[in-house]
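Predicted model, so just to flag it, every value in this text is computed and none were measured. Atom set for the values below is all heavy atoms of this structure, side chains included, hydrogens, waters and symmetry mates excluded. Order of the sequence lines sets the chain letters (A, B, ...), proteins ahead of strands, with each chain counted from 1.
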There are 2 protein chains.
Amino acid sequence: MILSKSCEYGIRAAVYIAYKSSKGLKAGITEISDEIGSPVHFTGKILQQLSRKKVISAIKGPNGGYFIENSANVYLVDIVRAIDGNELFSACVMGLKNCSDLRPCPMHEQIKPVRTQLLIEFSKKSVQELVQDYEQNKYFLK
Amino acid sequence: MILSKSCEYGIRAAVYIAYKSSKGLKAGITEISDEIGSPVHFTGKILQQLSRKKVISAIKGPNGGYFIENSANVYLVDIVRAIDGNELFSACVMGLKNCSDLRPCPMHEQIKPVRTQLLIEFSKKSVQELVQDYEQNKYFLK
DNA sequence: ACAATAACGGATAAAAATATCTTTTATAAT
DNA sequence: ATTATAAAAGATATTTTTATCCGTTATTGT
């Protein structure tokens with residue numbers, strides 16, 4: 001798996017939250033985990049992470065819940081970085097300490113463009129785009 | 001991380017084993033884990049996996065150890081598949097059950113070429129090639 | 001003020017990955 | 001045959017990831 005399970009949940013949750021936000025509504029944890037097929041409390045933790053990192057917004061209390069102001073400005077890379085960190089885009093594929101552009105491992109030059117491409121794709125895909133496909137029933141969130 | 005720690009160890013161990021084999025020698029677990037900087041017994045388990053899957057060969061007893069007959073015919077993808085399986089090259093990046101070419105998730109088309117490229121790179125790099133760079137001190141195995 | 005709501009935070013648990021230790025099995029050399 | 005060697009196999013431990021539970025805090029509406 002390229003992304004952790006947490007990160008997968010995070011992306012799917014963000015899409016659903018943004019979808020609700022586009023309708024002027026907030027989304028609650030139960031509703032979200034229900035919709036994306038994830039464990040409720042675990043999802044809560046992930047949403048906390050995203051909230052702290054300002055990827056999504058949260059409001060407590062009645063009529064509270066999660067929302068995303070401007071999903072066009074939230075890119076998948078933001079979610080990936082918030083949850084899985086930057087290792088996916090940077091760590092040596094052979095796990096070597098000293099691997100770098102200057103002293104590359106034998107897979108370095110081959111993997112670098114792949115990683116770059118991965119970063120590019122996650123960087124240019126906004127949550128809003130995912131919402132649009134979701135609204136058109138092009139896929140389910142679970 | 002793209003690969004599991006087990007898989008990283010597996011690749012590095014294979015390189016060292018093939019390196020020794022190219023000198024007509026076998027490599028023991030202690031020597032291997034020493035050379036690649038991995039926990040001895042854990043490395044033993046990984047080598048067992050690789051041995052069962054015929055990626056490497058093992059002989060018990062005195063003068064025994066691990067070796068690789070023909071490292072030019074062992075590709076990194078063989079090691080990755082033996083240890084991490086095929087998920088890296090196939091599983092949906094959003095973790096969706098029904099994601100496929102026919103009913104793609106919104107990242108499917110973007111990630112597919114990346115995955116394919118990853119598969120290609122691991123498929124065309126043989127352990128022998130890694131050994132050659134290693135012999136020329138282009139990198140260390142830890 | 002009070003009650004209801006919903007996210008937050010801390011504690012705990014289960015599962016998977018990583019790591020260690022011990023015993024068994026196969027092989028080789030004496 | 002006996003002993004030494006080295007991988008195989010099994011048992012256990014630790015760490016990380018994933019998952020659950022419960023009390024707290026902030027907010028809303030009455």
Quick one: label [X] by what it contacts on the DNA or RNA (base, sugar-phosphate, nothing), any heavy atom closer than 4.0 Å.
| X | value |
| --- | --- |
| B/Leu47 | nothing |
| A/Ile29 | sugar-phosphate |
| A/Thr30 | nothing |

Give the nucleotide from the list [options] with an atom nearest to the side chain of [X].
| X | options | result |
| --- | --- | --- |
| B/Pro39 | C/dA7, C/dA19, C/dA28 | C/dA19 |
| B/Pro62 | C/dG9, C/dA28, D/dA19 | C/dA28 |
| A/Gln48 | C/dC8, C/dT25, D/dT18 | C/dC8 |
| B/Phe42 | C/dC8, D/dT18, C/dT20 | C/dT20 |
| A/Lys60 | D/dT27, C/dT20, C/dG9 | D/dT27 |
| A/Lys5 | D/dA19, D/dT20, C/dA7 | D/dA19 |
| B/His41 | D/dG29, D/dT20, C/dT20 | C/dT20 |

| Presence of B/Asn63 side-chain N/O under 4.0 Å of C/dT27 phosphate oxygens OP1/OP2 | no

| query | Quick one: is C/dA7 close enough that its OP1 or OP2 comes under 4.0 Å of any side-chain N or O from A/Ser51? | reply | no

| message | For the residue pair A/Gln136 / A/Gln132, report whether a side-chain donor-acceptor contact shorter than 3.5 Å exists. | response | no

| task | Establish, from distance only, whether the side-chain atoms of A/Arg81 and A/Asn86 form a donor-acceptor pair under 3.5 Å. | result | yes

| Can A/Lys53 and A/Asp78 be counted as an ion pair, charged N to O under 4.0 angstrom? | no

| Is the shortest distance from a Lys or Arg side-chain nitrogen in A/Glu35 or A/Arg12 to a carboxylate oxygen in the other one below 4.0 Å? | no

Whole Å only: how far is the [atom1] atom of [X] from the [atom2] atom of [N]?
| X | N | atom1 | atom2 | answer |
| --- | --- | --- | --- | --- |
| A/Ile59 | D/dG29 | CD1 | P | 11 Å |
| B/Arg52 | C/dT25 | CZ | P | 16 Å |
| B/Glu31 | D/dT5 | CD | P | 16 Å |
| B/Lys26 | D/dT5 | NZ | P | 16 Å |
| B/Lys45 | C/dT23 | NZ | P | 14 Å |
| B/Tyr66 | D/dT5 | OH | P | 18 Å |

| remark: Residue pair A/Thr43/B/Ala27 against DNA chain D: nearer the 5' end by closest nucleotide is B/Ala27

| Can you check whether B/Ile17's main-chain N or O pairs, donor with acceptor, with B/Ser21's side chain at less than 3.5 Å? | yes

